[in-house]
Amino acid sequence: MKKMPRWADVALIPILNLLIAFIISGLVLLAIGKDPWAALGTMIDGSFGSSRGVGYTLYYTTNFIFTGLAMGIASHARMFNIGGEGQAALGGLGVALILLAVPWPHWTLALPAAILFGGLFGAAWAFIPAYLQAKRGSHIVITTIMFNFIAASLMGYLLTGVLKVPGKMAAETAKFPEGAHLPTFHEMLAPFGIEFSKHAPANLSFLVALLCLYVFWILVWRTRLGYNIRAFGESESAAVYAGINPAKIIIITMLISGAFAGLMAINNVMGEAERLIHNAVEGAGFIGIAVALMGRNHPIGIFLAALLFGFLWQGGAELQFEHQIPREMVTVIQALVILLTGALDNMVRRPVEKLFIMRYKAKGL
Amino acid sequence: MDFMTLIAIFDSTLRYATPLLLACLAGLYSERAGVVDIGLEGKMLGAAFVTGGVAYVTGSIWLGLLAGTAASIALSLIHGVASITYHGDQLISGVAINFLAAGLSIVIASAWFGLGGRTPSLPPEARFQNINLPLADTLQNVPILGPIYSELISGHTILVYVALLAVPVTWAVLFRTRFGLRLRAAGENPGAVDTAGVSVVRLRYYAILIAGLLCGLAGAYLADFAANFVKDMTAGRGFIALAALIFAKWRPWQAMGTCLLFGFLSAAAPYLENKSFMGIEVASQFIDALPYILTVIILAGFVGKAIPPRAGGQPYVKEQ
Amino acid sequence: DPAIVFDLGGKFDKSFNEAAYNGAERWASETGGSYDEFELSADAQREQVLRRFAEGGNNPIVMAGFSFASALETVAADFPDTKFVIIDMVVDAPNVRSIVFDEHTGSYLVGVMAAMASESGTVSFVGGMDIPLISKFACGYAQGVKDTNPDANVIVNMTGTTPSAWNDPVKGSELTRGQISQGSDVVFAAAGGTGLGVLQTAKDEGILAIGVDSNQNHLQPGSVLTSMVKRVDNAVYESFTAGEGVEPGFAAMGLANEGVGPAFDDSNAPLVTDEMKAAVEEAKAKIIAGDIVVHDYMSDESCPSL
Amino acid sequence: MATATETGRQETAALASPAPAIELRGISKAFGPVQANKDISIRVEKGTVHGIIGENGAGKSTLMSILYGFYKADAGEIFIGGKETLIPDSQAAISAGIGMVFQHFKLVENFTVLENVVLGAEEGFRLTPSLRKARKLLTELAAEYELNVDPDALIEDLSVGHRQRVEILKALYRKADILILDEPTGVLTPAEADHLFRILEGLRDAGKTIILITHKLREIMDITDTVSVMRRGEMTATVKTSETSPEHLAELMVGRKVLLRVDKKPAQLGKEILKVENLRVVDEQGVERLKGIGFNIRAGEILGIAGVSGNGQSELLEVLGGYAEATGKVSLHGEELDLSGAESDAQSRRLKGIAHVPEDRHEEGLILNFHAWENMVFGYQNDPKYNKNKILMDNKAIWDETQAKMDRFDVRPPNPRLNAANFSGGNQQKIVLAREIERNPELLLIGQPTRGVDIGAIEFIHQQIVELRDQGKAILLVSVELEEVLSLADRIVVMFDGQIMGERLSSETDERELGMLMAGMKQGADA
Ligand SMILES: Nc1ncnc2c1ncn2[C@@H]1O[C@H](COP(=O)(O)OP(=O)(O)OP(=O)(O)O)[C@@H](O)[C@H]1O
Ligand SMILES: Nc1ncnc2c1ncn2[C@@H]1O[C@H](COP(=O)(O)OP(=O)(O)OP(=O)(O)O)[C@@H](O)[C@H]1O
Ligand SMILES: [Mg+2]
Ligand SMILES: [Mg+2]
């Protein structure tokens, strides 16, 4: 049965894939006349070399964990939720509304409320596509694409209208009250005598994201609901035989998915911007698709993939500072990483597998 | 709304629909053969960029079209190698292609023209001419039918007619040829194709090559229409085409109907905008979202369940 | 060295950021100096980049865009010895120079020209994303049109509600065609890359267009009536030139100091009549003198002329 | 053999017999580390029917797939008609005159019969002339070999038997001289199977060579000329059918003596468990699939439902299993069940003590990509036994129980962590049975219990069912295997077209009578 040892499967192959992606990226850099080694050094140093770099990397990572989880849970029910972008935007609306509505005295009170409202609004935005899929058979891919566009319009309407601060140019809400300020890493680590940059956006949400990874794992592999979701995702006919109600599973899964996406708002809206700005999601919903796919819908995979993309975003920004490499280069590197680790996996896996099988045979296993 | 306005709206509908339709048919070939393609957007974008650049440099839109199509096909081939040869996840591969095109087009364009993401404007001689169908001028003054013929039907660039023509051609290819039969079978049950002695891999490659070609035309249309390439100029049309494909249940005539409908909603929207300024403030976002809202409503109310090709999205693996 | 930060649209947005970029380039080529630059790709980078530049010793640091305000407020306090220049927004700090433009008055003047150039009595406006800044353009424009020809009809369309609205020349073109079919023969585009499609279509369809931010008259010579330039380039150029000595405080760039206004050059000379020029000069004088009050959309977020 | 002299000419003089239709030499094939075929050699003479038997996973299908160019062998040679032939792909196999009917049909469900037949063998670029030509040829073939199917019917509307005819037609249309059938009767009714064998005999008489893979020894005895036995990837024996017996073959196959008949005591009937009255089912297309049927089952009784598949048995199981809507009255222990088809009914039925082994283990009974231990509670995941609290499942308990059940049912390999997909058909079926039977249900619904299962496992499965009956439980057995129904059931109900054609005690009826009823001929049977 065994084709290769587990470490090769979970570590060696992805690392080889990444290596190839980086080599090709390096070639592209060479082609536009930049030094790839220096670029790599800058990226690593810029994203992990200082506490500020780490703070940025983890901030982006946090966003991608949430959207990755959103995509991941839907995938377990074999649903392709392209709507993470819109759901995260609505999550932001929920967070903003509740944080602006109440003069929060302390974040310990504000955070649960924000989690509740962010999740609720994200879930609500996922509900209609879910309901239409479950009851009317409308394809979830189309409806979620449409709901991304509709969300953008809705947010545009609200942020240039009722929610905008009168007299201000920016399409954004007022700043949230002081009491809604989430501790940043700097504030969190100071009591332990650890010096962390004051000026990095990473905040308590990162811990919430880690918690969500754990919750996701429990949910999918340790609860009955997760069991039902996976069973439904594997085979609808078998699920019906087992008494699992497809419509209910579709709707519940999408609600959870939307809630995860909506939770992203506690990081970017509550934790970083401290107000709701237009287009705050900035494509994280789409990155989430790649994160979940690359992470094989498993929380550890999602975490690693999110970290990788966080690294690319932060390290890529440093490329611009240090080497005047156009910011689109990061998009190219991202594309290559997704392609190599996600879609061209077998290109590396097959030869490696052959090597291992040859070794097994030689050893007479 | 008077008659000429209606003509103008339909005229605009046709132009909006053209790139959608080409991309939608591209997706149709690909998905009918069992290869899901969410990389339509990226392929269009890549083609638009290369078309814009090459047409400017050579002064010939035809060479631009050729090069743009080649670029789109190259992206298709990446999709093919990943998802057909290496049995990779088709969705991941599509996502990657979208990113790749978005990034590379700008990186290369910057290095090439130094205008950032843009390519220089095409002079009129490096663009497609509007084709005036025979008698268009003569018939112009015939009531009703005259304007319909000379304004609406006549006077578009060649790609509009190519897109419209691609619909019956696609139908005929899919349902009236050996190739079409095999292609559809590859998307429904590749095992049946394989055991019938036909290579599934080759069929799927053909399908994605055709998809690359059509996306190339769609991208070239955009570059030609705007007379240059601008960063991210596809503006989500690839995703709308994908939605149209599902809406049309993977059928060519329905695809045309859907793309025309989407085109119509986009074309009509600006006419609906309130003429009072306060009205705009309230309504413009709503008008903007209207096509999407209507799509959801129509989908929920009238279209019902769309059953994709059964083997869609799965790599064909016969031996591990 | 000085440094400049471009907003999310990127330095080649054919519009605002590009104007800033041009100013920086002009400074570099004239003085032979060098500068650092950064194009944002995420909102969270605003504070990061300002800090990076300040720590790196760049001075002054110019940022193009109103969205920098809150990031700048915190960063400026941390680097009292660094000078910052923010364009399009006012930040009150001892080491910050705030430069804002009267887009509405400039737009008024191109409105005057549009009304005079129009034969049909219908003119139009294509905006990019529907945000207050664009409404400010639209509103000034409409007032200029109506004051010149009270019977004129102004059609206003916005391209979209997502950032892709700035980069959709195809839709810009279609919107223009729609406006033409409703009678418009002069179209003002304030829509970034989308505007390129508007200008192109105006040329293809034989009507007149008005460019924005940078001087776009040369893009489609013979079809661009004028451009509502917003001398962001000058603002950047002057800030760079002043160097560390850049003066903190508030600077309003309006008609009086040539901060905004229609562009006249060889490209549009054949299109601009002497009457137009005279009317523009007259209106400009009246606005400067306060005889004409151009309504600023931002003042009450409404537009009486539309 | 009439052709001996002809073929002999091409042969080297050293060979006494004529060139065999097929000869395989030293074929080996590994899937990764699994050695599916080990150095297999075999000769099949022209114009004969050659049987291949072997346990699940013995490597039969793999060997035939290699012959058909579907898989590539790691080593070995293939001779067709005495000539060494390379078969790198199915195209080569087809050119060499080989046709194959796979166990899981390779048909495009939403194509017509005609389209499926011409697929890959079209005449030219345009489809219409090919189809026209195929239609003509199809009519001829149909007449010649009694292979009637409507050329314009969609495959998805056809019964399994008809689909199989399409597969055979596909091969004949490609002028196959050698026809391989992989478990062709696994899903056929006796009548259909008989029909198939008549066809096969006709083909053999027309000079074609046939290789038949089956688990049913009776079929081997009935129709084959020679038979090969495979075990664990190796060819262990090849014998003339006339010189062997079912018992001997079974022993060769399993490696021990196998009981080929069901050994059971007379039923000890208890009180009535299930009562069904006037049950009606209308499907989504508005077709009435059950037309008001009624029957009962008592404790300690196996009620067999015989009938050609597609006559309402599946619907009956779905209704009783709680996931299809129906009207009428069904009572368990006298308590009426809700037939509204509410989605949670499948759960409540289980709570009421109805266990269900579905007809199709791949589509319904198992989640192929779940581990064995997860499958062991499939349908019972809500049982408090498997849950620590309202939210968390108790995986440890499930795991332990799975190990115990796998032991008791001799599931091989007894590894709870293996995915269901990686068990052979017989062992997959044992997992489902272990799950359902070990719950000690009041009523067991069981559909096609031994479809595609090898004889070693069949023996075991039958024993389990009888044992449950002897514990005083009620069993509803649906099977298209008449032999199975006759030997297992105490009482038999025959269904035809959604109705009950008749009811017989199994001790008082025979295959002929039941066969008549299954064909819808009441009078003939009663007479
Ligand atoms: N595609 C495959 N990939 C990996 N292993 C396979 C594959 N197909 C078969 N095998 C392995 O090869 C062995 C032989 O399988 P094969 O299908 O030939 O058995 P079989 O004799 O046809 O069984 P059955 O009676 O159940 O049909 C199996 O035990 C299985 O482990
Ligand atoms: N892709 C695969 N990977 C591993 N094992 C496989 C694979 N495909 C088939 N097998 C194994 O090959 C053997 C035979 O497979 P086959 O499909 O013939 O099933 P089967 O036992 O005949 O069951 P059924 O009759 O219900 O289909 C089984 O042990 C099965 O698990
Ligand atoms: Mg088999
Ligand atoms: Mg089998």
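We name chains A, B, ... by the order of the sequence lines, and we start the count at 1 in each one. In this text the structure is predicted, and so the values were computed from the model without any measurement.
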Point-to-point distance, once rounded to the nearest 0.5 Å, from CD1 of B/I92 to CD1 of A/I289: 11.0 Å
Which atoms of A/L293 approach chain B - backbone, side chain, both or neither, heavy atom under 4.5 Å: both
Nearest-0.5 Å distance, CE of residue A/M329 to OG of residue B/S110: 12.0 Å
Side-chain heavy atoms of A/D345 within contact of B/Y86, under 4.5 Å: no
Heavy-atom proximity to chain B below 4.5 Å, by part of A/L132: side chain
Other residues, nucleotides, ligands: >12 heavy atoms within 6.0 Å of B/R310 CZ: yes
Between OG on residue B/S93 and CG on residue A/L344, distance to nearest 0.5 Å: 7.0 Å
Closest heavy-atom pair and its distance - A/A335, B/A96: CB-O, 3.4 Å
Distance-minimising heavy-atom pair for A/V332 and B/L104: CG2-N, 3.4 Å
Interchain contact, A/Y131 with chain B, by part (heavy-atom threshold 4.5 Å): neither
A/I287 side chain near B/F99 side chain, heavy-atom distance below 4.5 Å: yes
Point-to-point distance, once rounded to the nearest 0.5 Å, from CD1 of B/I297 to OG1 of A/T143: 13.0 Å
Pairwise side-chain contact, B/I240 with A/M146, heavy-atom cut-off 4.5 Å (strictly under): yes
CA sep, side-chain torsions, deciding dist, call: A/R350, B/H87, side-chain hydrogen bond (donor to acceptor under 3.5 Å, both in side chains): CA-CA 11 Å; A/R350 281 185 203 164; B/H87 305 150; 2.9 Å; yes
From CG (B/L91) to OG (A/S75), nearest 0.5 Å: 8.5 Å
Toward chain A, the part of B/T85 with a non-hydrogen atom under 4.5 Å: backbone
Side chain to side chain, B/V95 and A/F286, heavy atoms closer than 4.5 Å: no
Reported CD1-to-CD1 distance for the pair B/I97 and A/I338, which is rounded to 0.5 angstrom: 11.0 Å
Interchain contact, B/I108 with chain A, by part (heavy-atom threshold 4.5 Å): neither
